Participant: 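Dropping a structure here in structure tokens format, bear with me for questions.
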Amino acid sequence: MAAHVSTPSTVATNGVLNPMLTQIQGPNALTSAEALTRAPAENRSNVFGKPDLYHGAQQQHGIAQTDTLNSNSSSHAASVRHISHHSDALQRIVTVNEPQFPQVPVHASPLQQYSPISTPLSDLTYVGYLPVPVSAISCVADEYDDDAERKPEIGAEPSLQFARETWWDTLLGLYSMQVQPQGGSVSILTPGRRDSVSQQITSDLRFLFKASNYWFSFVNVPRFFARLMDPVTRSRLQPSLVLAAVAVANFIRSSEQENGEKGRTWALTLRDRAQSALEASLNARWVDESLVQASWLIAFFEISAHPLHSAVRVRSSLSMLDSLVRSLAMPSLDQDDHRASVFASHTVPTVVSSPSVSPPISPWNSRLPQPVSAARPSSPPGECACAAYTLGNNWSHAQELTPLWLMTPAWNRDSSDAEVRKEESRRVVWSAVTLVAGYTSYTSASNPLPTMDLFLMNAANYALLFPGESLVATSTGPSRKETVWALYMRTMLLWHTCIRMRSNTILGDPEKAQFAVSAWLEVDKIEEALNSHTCGIERAFLFQGREYLFKNSNLLFHRKKAEEWLTHQASVAKRTMYGLQTITGQPNVSLARRPFFIFWFMSQVNRALLLWSCDNTLTIALDVSKALLGPIEYMMSMWPCPEQQKRYQDLRANLSNACYLAGVPPPSPMNVSSHLPRS
């Protein structure tokens with residue numbers, strides 16, 4: 001890794017990144033911070049071109065496929081744009097031998113058709129370069145320095161070309177040693193061995209996309225594999241993205257029921273390699289949306305219950321993710337698009353939307369239609385139109401390759417490569433919002449843990465289309481702002497705004513009181529819009545948006561809503577032990593492969609205890625807390641985590657003390673065998 005020298009003036013001048021980078025902790029944090037402050041002053045077209053891989057390279061390999069909506073769909077689906085994944089032969093891509101993918105001929109290269117010079121600068125800002133306010137910092141410092149000529153020159157960083165050409169071979173060697181150790185030495189890979197290891201890596205990646213939940217749907221799977229399997233485009237793929245992906249893939253199937261301690265150790269090794277590759281890209285000023293995706297995967301790894309989990313590691317990874325998103329100005333990607341909603345500072349984030357037209361339904365309804373399959377046509381008359389825009393309804397391979405993403409928005413088949421990358425950028429931002437919301441929800445319910453204040457949490461920083469908003473037709477489709485996907489993101493923006501308002505020292509009590517009233521009205525507005533949906537997306541998403549609505553409602557002062565929330569938690573705790581599919585309606589969803597859920601269950605216990613402490617007559621809160629111990633203790637047996645176990649002991653002690661004060665039986669002694677799910 002190249003060494004860097006950062007002057008005090010450079011660090012102090014960087015008003016864009018330093019507020020977030022100061023939160024990054026760990027042995028390599030300084031290098032990462034310095035790398036972000038030392039951005040190029042000019043664009044480097046020779047490094048970041050615009051290959052139209054989504055249409056060009058994939059078609060060269062014969063994998064482009066257009067799936068259109070069923071012509072016999074309901075009337076509202078007639079206006080839906082053609083949206084799909086391009087991957088008729090995706091199965092072939094991820095299973096054939098690597099040598100069968102020749103280099104794209106020069107005469108057919110998309111690079112000749114789309115030269116970097118013809119690419120608008122606005123298209124490149126979010127995919128290849130740091131914004132001018134960041135990249136110009138070092139130049140400004142030297143321009144007004146009288147002693148600049150007398151300063152010793154520091155050589156530029158080594159070229160990244162070697163790393164780009166060899167990272168795949170390095171990964172093959174690393175996997176080869178893991179699968180078949182060679183006494184600690186790296187042996188030369190024979191063609192047969194190389195092919196076998198390549199198959200193992202692609203198998204791990206396929207498993208990740210098949211077993212991961214909807215949070216991961218920011219990856220365009222066909223494009224990802226097309227880039228990975230083509231030696232030409234692979235060199236332009238961030239090594240940290242692949243490393244982080246295989247790290248998460250190996251980790252989520254390394255519970256005590258599957259690969260065990262050995263698998264977790266291997267996953268941690270891959271995670272560390274991913275972190276090193278990410279920081280190497282930062283040092284070399286190679287920053288694009290794929291690096292943000294890699295950072296998201298690392299942050300996801302850290303929020304899960306793994307052997308080295310700690311608050312420091314979690315906050316460091318989230319701060320890095322937040323800094324990268326901020327440096328590329330990704331939340332304001334659509335600032336020139338009139339469809340994008342914008343919000344003012346210190347106000348409730350609201351949008352102008354049309355009134356609901358469908359009949360309302362009860363919240364927390366787990367009996368809604370199950371997620372659509374690839375063979376099911378779009379929603380019949382009488383249902384909301386969201387299902388017509390789902391991935392499951394518009395990509396024939398979704399059921400096989402991404403079965404838990406069926407209810408996420410589809411991809412527009414007419415998009416150019418630049419537009420696909422732009423959509424990936426939107427989606428990874430919203431996935432980052434979801435990730436941060438989960439962590440802030442946990443910390444807000446756990447008094448010892450301070451809440452972070454991130455760039456992603458400030459709604460005033462956004463001018464970004466909501467998930468699925470670029471797909472929905474305005475004439476007969478649902479309101480762009482009132483799909484379940486958009487409503488959930490609006491809920492999380494509202495949640496973060498309320499979190500930030502609690503620590504606001506600028507506004508006085510009258511302004512905060514007005515804010516509280518406006519927030520309450522927005523909660524009712526979003527809840528009414530969600531009640532009008534019959535598409536089943538909420539069930540597949542575990543009613544996550546409802547959770548934040550109820551938290552925003554301030555359950556401490558609304559007993560009816562508190563009782564409703566507690567009743568739902570009791571139902572979740574009971575049905576979880578019969579398998580997550582009883583809640584989501586999605587088959588093959590294993591709680592043993594959800595190491596990140598354990599802290600969510602713990603936060604629910606903390607929140608229930610808080611309700612009881614404010615109203616001791618609310619003894620149902622104690623019953624719910626005891627019921628939630630079952631899923632927690634089961635997951636503890638599956639995912640050993642010293643930090644989590646320590647926090648759980650404190651949590652259990654608090655619950656036992658509350659039960660003693662309330663005169664109700666305490667929780668039963670820990671018995672993992674009694675908590676095993678039945679599926």
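Keep in mind that this is a model prediction, so the values were computed, not measured. The basis for the numbers below is simple: all heavy atoms, side chains too, and nothing from hydrogens, waters or symmetry mates.
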Participant: Does the side chain of Tyr214 pick up a donor-acceptor pair with the side chain of Gln544 at under 3.5 Å?
Facilitator: yes
Participant: With a 3.5 Å cut-off and no angle check, do the side chains of Ser341 and Lys481 form a donor-acceptor pair?
Facilitator: yes
Participant: Describe, in one word, how the ring planes of Phe251 and Phe301 are oriented to each other, choosing from parallel (under 30°), tilted (30 to 60°) and perpendicular (over 60°).
Facilitator: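 Aromatic pair Phe251/Phe301 classed tilted.
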Participant: Which heavy atom of Ser198 sits nearest to which heavy atom of Trp168, and what is that distance?
Facilitator: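 That would be OG-CZ2, 3.9 Å.
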Participant: Give the minimum heavy-atom separation between Thr483 and Pro467, together with the two atoms involved.
Facilitator: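 Looking at all heavy atoms of both residues, the shortest contact is OG1-O, 4.1 Å.
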Participant: How long is the gap from CG on Leu464 to CD on Gln335, to the nearest 0.5 Å?
Facilitator: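 The distance works out to 11.0 Å.
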Participant: Look at atom CZ of Arg264 and say whether more than 12 heavy atoms of other residues, nucleotides or ligands are closer to it than 6.0 Å.
Facilitator: yes
Participant: Could you check, using the six-membered ring where one of them is a Trp, whether Trp430 and Phe466 have ring centers closer than 6.0 angstrom?
Facilitator: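 Yes - the distance between ring centres of Trp430 and Phe466 falls below the 6.0 Å cut-off.
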Participant: Before we go on, tell me: are the rings of Phe162 and Trp167 under 6.0 Å apart, centre to centre?
Facilitator: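 So the answer is no for these two rings.
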Participant: Nearest 0.5 angstrom please: Leu465 CG to Glu423 CD, how far?
Facilitator: 8.0 Å
Participant: With a 3.5 Å cut-off and no angle check, do the side chains of Asp204 and Gln200 form a donor-acceptor pair?
Facilitator: yes
Participant: Give a yes or no on whether the ring-centroid distance for Tyr175 and Trp266 is below 6.0 angstrom.
Facilitator: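 Aromatic pair counts; centres sit under 6.0 Å.
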Participant: Could you tell me the separation between the CG atom of Leu171 and the CG atom of Leu243, rounded to the nearest 0.5 Å?
Facilitator: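 Here the interatomic distance stands at 5.5 Å.
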Participant: Does a side chain donor of either Gln293 or Glu289 reach within less than 3.5 Å of an acceptor in the other side chain?
Facilitator: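 The criterion, which ignores hydrogens and geometry beyond distance, is not satisfied for Glu289 and Gln293.
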Participant: Less than 3.5 Å apart, any donor N or O on the side chain of Asn412 or Glu419 sitting next to an acceptor on the other?
Facilitator: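 The criterion, which ignores hydrogens and geometry beyond distance, is not satisfied for Glu419 and Asn412.
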Participant: Out of curiosity, Arg413 CZ to Asn394 CG, how far, rounded to the nearest 0.5 Å?
Facilitator: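 Arg413 atom CZ to Asn394 atom CG measures 10.5 Å (nearest 0.5 Å).
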Participant: Is the ring pair Trp296/Phe216 parallel, tilted or perpendicular, if the boundaries are 30 and 60 degrees?
Facilitator: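 Taking Phe216 first and then Trp296, their aromatic rings stand perpendicular (interplane angle over 60°).
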